Amino acid sequence: KNEVEQSPQNLTAQEGEFITINCSYSVGISALHWLQQHPGGGIVSLFMLSSGKKKHGRLIATINIQEKHSSLHITASHPRDSAVYICAVRGTGNQFYFGTGTSLTVIP
Amino acid sequence: GAVVSQHPSRVICKSGTSVKIECRSLDFQATTMFWYRQFPKQSLMLMATSNEGSKATYEQGVEKDKFLINHASLTLSTLTVTSAHPEDSSFYICSAIRSPTYEQYFGPGTRLTVT
């Protein structure tokens, strides 16, 4: 069983749609990261959060520590948002666990 | 923002040779760096945790004698794939941890092809 589960695995949306990607985890954590990986392979850390909610532009990340769940929302999606989004958690022992990623395609 | 570089970005080598990949944090000191590998259409797999001044900690199933990690300074960690075989062909990514916030910054990755 994976310590971090993401859903959906694949997601196709029309430009402008509101998108949600979910992440559930089973370990105690110090922080949760949302990462974005573009087709070229480069990875960008979008958010690091340990409670509540963070917003950056059209991206919003929320976390519910009690439910061990986080969501990444993209408002007014755009084709340039097409990427793989990975949820990663840092455990209380500073080890990292990664979800399998959500492949998002936004169609113009 | 913080930048992490990797060198080389791509490397092709013959089976049996060794390849060194460098990971540098360019504008901050990183006592901890991570090395990952990624197979096509799969997520990141943590290989090892590299700590400056001490031996790396390897994940279960990762051969420490095959994947040599040296964290020589607060801005440089190297991964050497020894006696490479075609099955070692993969995308290798490093990340560096910035204290005290523990934010993680990723390198652009190195694509290794062993022929």
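What you see is a predicted model, and the numbers here were worked out from it, not measured in a lab. Residue numbers begin at 1 in each chain, while the letters A, B, ... track the order of the sequences.
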Is the number of heavy atoms from other residues, nucleotides or ligands within 6.0 Å of [atom1] ([X]) greater than 12?
X: B:His85; atom1: NE2; answer: yes
X: B:Glu87; atom1: CD; answer: yes
X: B:Ile12; atom1: CD1; answer: no

_Sub-4.5 Å heavy-atom contacts with chain B: which residues of residues 44-51 of chain A show up?_
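The stretch touches chain B at A:Ser45, A:Met48.
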
Check for me, please, whether [X] and [Y] land in the same ILVMFWY cluster - side-chain distances under 4.5 Å, paths through other members count.
X: A:Tyr85; Y: A:Leu32; value: yes
X: B:Val62; Y: B:Tyr36; value: no
X: B:Phe106; Y: A:Val84; value: yes
X: B:Val19; Y: B:Tyr58; value: yes
X: A:Val89; Y: A:Trp34; value: yes

*Report the C-alpha distance between B:Ile93 and A:Gln37 in whole Å, list the side-chain angles of each, state the deciding distance to 0.1 Å, and finish with yes or no for side-chain contact (heavy atoms from CB on, under 4.5 Å).*
CA-CA 12 Å; B:Ile93 304 170; A:Gln37 185 173 31; 4.0 Å; yes

_Close contacts, residues 69-78 of chain B versus chain A, judged by heavy atoms under 4.5 Å_ =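 Hits under 4.5 Å: none found.
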
*asked:* At a heavy-atom distance under 4.5 Å, which candidate from B:Glu59, B:Met45, B:Glu103, B:Gln6 has the highest pair count against chain A?
replied: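 The candidate making the most pairs under 4.5 Å is B:Glu103.
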
*For the residue pair A:Gly99 and B:Ser43, what are the closest heavy atoms and their distance?*
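Answer, listing the atom of A:Gly99 first, then B:Ser43: O-OG, 2.6 Å.
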
*chain B contact via A:Ile43 - side chain, backbone, both or neither, heavy atoms under 4.5 Å*: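 For A:Ile43, heavy atoms of backbone and side chain both lie under 4.5 Å from chain B.
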
*asked:* Rounded at 0.5 Å granularity, tell me how far CZ in A:Phe98 sits from CG in B:Leu44.
replied: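 A:Phe98 atom CZ to B:Leu44 atom CG measures 5.0 Å (nearest 0.5 Å).
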
